[in-house]
There are 2 protein chains.
Amino acid sequence: MFTPDDQRHMARALELAARGLYTTTPNPRVGCVIVNGAKVVGEGWHEKAGAAHAEPIALQAAGAKAAGATVYVTLEPCAHFGRTPPCVDALLAAKPARVVAAMADPNPQTAGEGFARLRAAGIAVDVGLMAAEAHALNIGFVSRMTRGTPWVRMKVAASLDGRTALAGGQSQWITGAGARRDGHAWRARACAVLTGVGTVKEDNPQLTVRDVATTRQPLRVVVDSRLQTPLDARVLGPGTIIAAAGVDAPRSVALRAHGAEVVVLPNHEGKVELPALLQELARRGCNEVHVEAGHKLNGSLLEEGLVDELLIYLAPCILGDTAQGMFHLPPLANLQERRNLRITDITRVGDDVRILARPG
Amino acid sequence: MFTPDDQRHMARALELAARGLYTTTPNPRVGCVIVNGAKVVGEGWHEKAGAAHAEPIALQAAGAKAAGATVYVTLEPCAHFGRTPPCVDALLAAKPARVVAAMADPNPQTAGEGFARLRAAGIAVDVGLMAAEAHALNIGFVSRMTRGTPWVRMKVAASLDGRTALAGGQSQWITGAGARRDGHAWRARACAVLTGVGTVKEDNPQLTVRDVATTRQPLRVVVDSRLQTPLDARVLGPGTIIAAAGVDAPRSVALRAHGAEVVVLPNHEGKVELPALLQELARRGCNEVHVEAGHKLNGSLLEEGLVDELLIYLAPCILGDTAQGMFHLPPLANLQERRNLRITDITRVGDDVRILARPG
């Protein structure tokens, strides 16, 4: 069904889509290439919510040459009115001969509607070319559309013996500059950076993206059951959410006065209900949540089955077994109880090693 | 100085040398290729101590064709009488035109003597082709010759969060069958497999090479300061050394009756003097020592600066921070005190990741 030329053009469309990696949220990253004969007559990519979608941009570039052409698009063209008109209408008006899409709209309630309208107009529609790559690019959007929760990626920076901080808390810096920059690139594509109040008190992080260029900062979210975030914490400011387990009016007022929003999501143990927090973030349009926390919150998220991906940087050093571990978890009675993972990627980043893994 | 043909023949000589990986100890692994014109006229490799060296085997195969030929050898030909006559004498008798050696004899007291005698006889001698590969092949032999101690390689099998056993001690098996087989290949090339009495009591290991074919078993060495090795431990038998810190005649007699040798090497803290143990092993001809121990002995060896290489297998699973760590070390006051490593290799072995690292 797909030719090497199809592959090449879709690869280009994915490359264009990836330009929106840091900016499209809550929208998906989408790229579009229009080819008439052997010639590329239009290209487009979606930059950010409210701005034009990839298809209209490419169609405008192609002009009359879109008629009879093949349109490569990384995601099913939208068939509904959002902040912009439906892309399907623009395609129908341009009369291409064929539309090749990497994947269908992940929203099960609307998936296929775009394709159906194109096919009804006599346009050939082929779906599934480089679907894995397209899915990976929008893994958070797919997660939010299909599960109602963001894709949760947990970053851990540790020594080769799995230690994330000294017993006294010092952790800056275990990994090298290259790994930290790489970590900021992962932050930049996330919609929210999540941490715990322990890390706020210990490291006083800003949780902003600094080491890579971006026009958008993710939300900053602090799990802080008892509202212990210091009022001079660098994380406070507009775009910061403090997730608490109980109401403490004076503390809440003070934190709000420092720019933060306080949301109260208690569970039956008097802590923050983590699944509810993730659902709340999804409700606000968060596709990918980037966790940078200490071993306690890391352990809680793992134990509740809320982690979709681990992003582990291992530095070439040893800290020894009095230093802090990665994940605070209850003791296992036997090895069969271990949490299995599937390693999806191993890359050297500077002197460090980056391992991507998912619950297996 | 070296041509692509030289490279090719030396690569072959190294390949031949590697056939002796499990058997030559205490001798080095050596390979030899003799080329006359464009034709390989003889090949040889050293199999084990007492058997012929690589050069005489290759010379015998070459016969009269060795005259005027080029001899490729991975190590400087010996110039002294050992269990066999000097290889230099055999070379001088065969009258090759040129000898290409990867590296000099690592023993500083005799290095260069073989080359000098060849050159004195008018034979061209070129040294240093693929020296790094040749050095790596005999890293333990070089260590013993130049430092008087074996090359100490410490194997650690851990979860991705750096845990080697559950709190209760269970560790079989964290890594998969492929990693365990790979570990046995590293055992097989070692002259001794070293562990602590804690591991003997916990896991009751045999410490033998089983998963790969070999005609030689390494020595088994147990660091057991207070002679607590159970008399029914599977590690006991001929070829086992129990290193103790004090004399306990009845225990020693009992352990000897079970086939083990007891050596007493106390330090001032009433434990085994680990540097002295390594020197003793070198004195017995141990080139490479393979450590498979628990976090306590691992930590002691590291702390005393006795570890030359780490062989770490990380399994795709999480055990959590109540499980045992890799290295029991004193707490660090700050991150500058960390032990830095240099990662030399990362390879996937089955579902696991193998990382080789050296103190940096």
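Proteins get letters first, then strands, A, B, ... in listed order; numbering begins at 1 in each. Atoms considered below: every heavy atom in the structure, side chains included; atoms not considered: hydrogens, waters and symmetry mates.
When heavy atoms are compared at a cutoff of 4.5 Å, A167(B) does not approach chain A at all. If you measure heavy-atom distances from P330(B) to chain A, the contacts under 4.5 Å come from the backbone alone. Contacts between I312(B) and chain A at a heavy-atom distance below 4.5 Å involve the side chain alone, from C-beta outward. Contact annotation for L160(A): both backbone and side-chain heavy atoms come within less than 4.5 Å of a heavy atom of chain B. If you measure heavy-atom distances from H295(B) to chain A, the contacts under 4.5 Å come from the side chain alone. Residue D352(B): no heavy atom, backbone or side chain, is found under 4.5 Å from chain A. The parts of L335(B) that come within reach of chain A are both its backbone and its side chain, each placing non-hydrogen atoms under 4.5 angstrom from that chain. Proximity to chain A involves both the backbone and the side chain of N340(B), based on heavy atoms less than 4.5 angstrom apart. Q172(B) touches chain A through its backbone: at least one of N, CA, C or O sits under 4.5 Å from a heavy atom, while the side chain does not. Heavy-atom distances place the backbone of A333(B), and not its side chain, under 4.5 Å from chain A. Looking at S171(B), only its backbone comes within 4.5 Å of chain A, counting heavy atoms on both sides.
From D161(B), atom CG reaches atom CG of L341(A) across 8.5 Å, with rounding to the nearest 0.5 Å. Note: L278(A) CG to E273(A) CD = 10.0 Å, rounded to the nearest 0.5 Å.
A salt bridge links D308(A) and R147(A); the closest N-O separation between the charged side-chain nitrogens and carboxylate oxygens is under 4.0 Å.
Of all the listed residues (D321(A), L329(A), T322(A)), the one sharing the greatest number of non-hydrogen pairs under 4.5 Å with chain B is D321(A). Each of P316(A), G325(A), A323(A), G162(A) has some count of heavy-atom pairs under 4.5 Å with chain B, and the biggest count is that of P316(A). Between chain B and the options T164(A), D351(A), I174(A), L302(A), heavy-atom pairs under 4.5 Å are most frequent for I174(A).
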